[in-house]
2 protein chains.
Amino acid sequence: MSDAQAALNRRPAEKEGEERHEAIYRAVSDAIVEQRLKPGARLREDALADVFGISRTGIRKILQRLALEQLVTLTPRRGASVTRPTAEEAKDVFDARQLIECGLMPDVACRIGASEAAELREMAHQERQALRSGKQSMAIRLSADFHVRLAQLSGNATLAEFVERLCSRSSLILAVYGHRGHLGCESHDHDDLIGYLEAGNGERAKAFMSRHLKAIAASLSMVEEGEALPDLSQVFRNYTSQ
Amino acid sequence: MSDAQAALNRRPAEKEGEERHEAIYRAVSDAIVEQRLKPGARLREDALADVFGISRTGIRKILQRLALEQLVTLTPRRGASVTRPTAEEAKDVFDARQLIECGLMPDVACRIGASEAAELREMAHQERQALRSGKQSMAIRLSADFHVRLAQLSGNATLAEFVERLCSRSSLILAVYGHRGHLGCESHDHDDLIGYLEAGNGERAKAFMSRHLKAIAASLSMVEEGEALPDLSQVFRNYTSQ
DNA sequence: ATGCTATTTATTGTATACAGTAATTCCATC
DNA sequence: GATGGAATTACTGTATACAATAAATAGCAT
């Protein structure tokens with residue numbers, strides 16, 4: 001009753017509906033990228049609808065968008081859950097980043113100006129600060145934001161969008177295969193990179209980005225963990241030994 | 001082959017709903033890529049729902065997916081229409097193809113085998129045949145399919161998906177900026193490319209692909225046409241002559 | 001006749017109701 | 001006590017109804 005009335009009261013909302021949807025999308029997306037929603041976590045439509053105060057219709061739309069970006073997996077009659085990337089997907093994503101992000105460095109080096117460099121330095125600064133003050137979730141997202149902003153500076157919106165998706169998925173990959181406490185990006189790498197770019201040295205920036213991404217990929221422990229199967233295999237060992 | 005047979009054989013009446021959605025998505029997507037639905041064409045939800053015999057709910061889902069792939073644009077209260085790419089988007093798309101597809105050639109050259117090469121040759125053959133028999137729509141799609149299949153052979157599913165999206169958008173770009181009767185890909189380019197790949201010459205294939213894509217991009221006439229403005233300018237000419 | 005306003009119409013946006021399916025629990029049986 | 005099966009439950013899939021808005025049209029005034 002009071003729910004219905006409240007819903008009616010805050011229901012004039014002409015254009016707010018759209019912005020609200022976008023805000024909810026961002027909220028869920030950020031939660032996933034920041035690893036506050038961990039891979040495998042179920043995302044029930046009812047629950048999300050209750051939390052955000054819209055109907056399941058709107059939630060489904062958002063969930064589908066996230067599914068197309070491969071942040072959530074939508075299994076036919078089982079609903080949505082945060083995707084748990086496979087080792088193969090992880091390899092693909094980092095290979096793709098290697099190809100695209102490195103390939104963009106020369107363009108970025110050409111187009112970067114003083115104000116853009118300053119903006120990037122500010123982002124790198126915030127990232128380091130978040131890391132120092134233990135705000136790991138924020139640091140993860142800021143690191144991804146840095147890479148995305150970099151790609152945007154290339155001037156190619158299409159490739160920038162690809163990089164955005166790859167970075168989001170990378171957060172998921174780090175959540176599953178990364179060592180605890182070790183984030184993807186070393187603190188000073190980003191600053192060094194800005195230096196090369198600002199100097200207009202695209203090739204050097206490209207090589208540096210390549211090493212940077214290789215280092216992240218190398219830091220992952222590429223073992224896929226089964227869910228409840230490990231226990232079962234232990235049982236099997238006991239039986240086969242007899 | 002085995003896929004098609006399997007698809008035909010399994011007829012559990014319940015699951016058809018899903019496959020039906022996929023089929024409808026394919027139908028609309030193909031119609032756009034094959035330029036039977038031209039840029040700017042409106043896609044009313046009711047009309048599509050009637051044609052395919054499902055409710056608007058399902059249509060909306062499909063429309064949103066197409067919007068995320070940038071094949072249709074979804075303007076807030078005006079509905080869906082086939083997107084009309086801007087000149088800038090066209091440049092971005094072909095630059096992206098240059099970076100990604102060329103970058104994949106060495107990998108493809110490494111992984112390609114006799115059967116894959118034969119499959120590609122068959123596709124190139126069908127494409128030529130469609131072109132000869134005047135089936136332009138089919139030829140356009142087959143050409144895109146060739147590029148996509150090539151990317152899939154790299155083994156990187158993520159990048160292959162990107163290429164798929166870029167090729168779809170390229171069809172749209174050709175529809176708007178391409179010269180009449182001149183399709184993107186020259187008939188023998190694809191065969192030559194297969195030759196280099198089968199010989200394991202990744203670098204040569206890469207260079208060839210680069211020229212191939214540059215040739216397509218160069219064949220476009222990059223003038224953006226306003227909608228109803230041309231008529232207006234004609235009127236202006238008549239008036240100014242008096 | 002033209003321009004402005006009001007009404008109607010066409011079309012999308014959102015919620016909700018209902019149906020169908022997988023998961024769970026409980027009971028009976030071995 | 002465990003296992004198989006039936007009833008219940010919880011959740012998603014789909015359609016439909018209703019609300020809201022922009023486009024189209026008609027009517028009115030100047």
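Here is the naming used below: chain letters follow the sequence lines, and residue numbers restart at 1 for every chain. The analysis underlying the following values was restricted to heavy atoms, covering all of them including side chains, and did not include hydrogens, waters or symmetry mates.
- With rounding to whole Å, A:Ile24 atom CD1 is found 10 Å from C:dT14 atom P.
- Atom CD1 of B:Ile173 sits about 8.5 Å away from atom OG1 of B:Thr86, to the nearest 0.5 Å.
- Considering only heavy atoms from C-beta on, A:Val163 stays 4.5 Å or farther from A:Arg97 through its side chain.
- Of the possible polar contacts, none joining the A:Ser143 side chain to the A:Ile140 backbone as a donor-acceptor pair under 3.5 Å is found.
- Residues from residues 58-74 of chain B that place a heavy atom under 4.0 Å from any atom of DNA chain C, listed by number: B:Arg60.
- With sequence neighbours excluded, the residues forming a side-chain hydrogen bond (donor to acceptor under 3.5 Å, both in side chains) with A:Lys91 are A:Asp95, listed by chain and number.
- Remark: the backbone N or O of B:Phe52 is paired with a side-chain donor or acceptor of B:Arg20 at under 3.5 angstrom.
- For A:Arg77 and C:dA23, the CZ to P distance is 12 Å, given to the nearest whole Å.
- Computed from coordinates, the B:Asp50 CG to C:dT12 P distance equals 12 Å when rounded to whole Å.
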Point to revise | salt bridge (Lys or Arg N to Asp or Glu O under 4.0 Å) between B:Asp145 and B:Arg141, worked out | key: CA-CA 6 Å; B:Asp145 285 351; B:Arg141 194 166 51 76; 3.3 Å; yes
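- The side chain of B:Arg42 has C:dT12 as its nearest neighbour among C:dA15, D:dA15, C:dT12.
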Using atom names, set out every protein N or O paired with an N or O of nucleotides 8-10 of chain C below 3.5 Å, distance rounded to 0.1 Å.
none

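- In this structure the side chain of B:Val93 never reaches within 4.5 angstrom of the side chain of B:Leu172, judged on heavy atoms.
- Relative to the side chain of A:Glu45, the nucleotides D:dT16, C:dA23, D:dT12 differ in distance, and D:dT12 lies closest.
- Residue B:Arg56 has its side chain nearest to D:dA17 when only D:dA17, D:dT14, C:dA15 are considered.
- Comparing A:Ala80 and A:Thr57 by the nucleotide of DNA chain D that holds the closest heavy atom to each, the one mapping nearer the 5' end is A:Ala80.
- Between the P atom of D:dT12 and the CG atom of A:Asp46 lies a distance of 6 Å, rounded to the nearest Å.
- By the ring-ring contact (aromatic ring centres under 6.0 Å, His included) test, A:Phe146 is found to be paired with A:His190, residues two or more places apart in sequence or in another chain being considered.
- At least one side-chain heavy atom of A:Ile54 sits less than 4.5 Å from a side-chain heavy atom of A:Ile24.
- Taking atom CZ of A:Arg78 as the reference point, atom P of D:dG13 lies 11 Å away to the nearest angstrom.
- Between the side chain of A:Ser168 and the backbone N or O of A:Glu164, at least one donor-acceptor pair lies under 3.5 Å.
- Rounded to 10 degrees, the angle separating the terminal helix axes of the helix from C:dA1-D:dT30 to C:dC30-D:dG1, each built from five base pairs, is 10°.
- Annotation: side-chain hydrogen bond (donor to acceptor under 3.5 Å, both in side chains) contacts of B:Arg65 (sequence neighbours excluded): B:Glu22.
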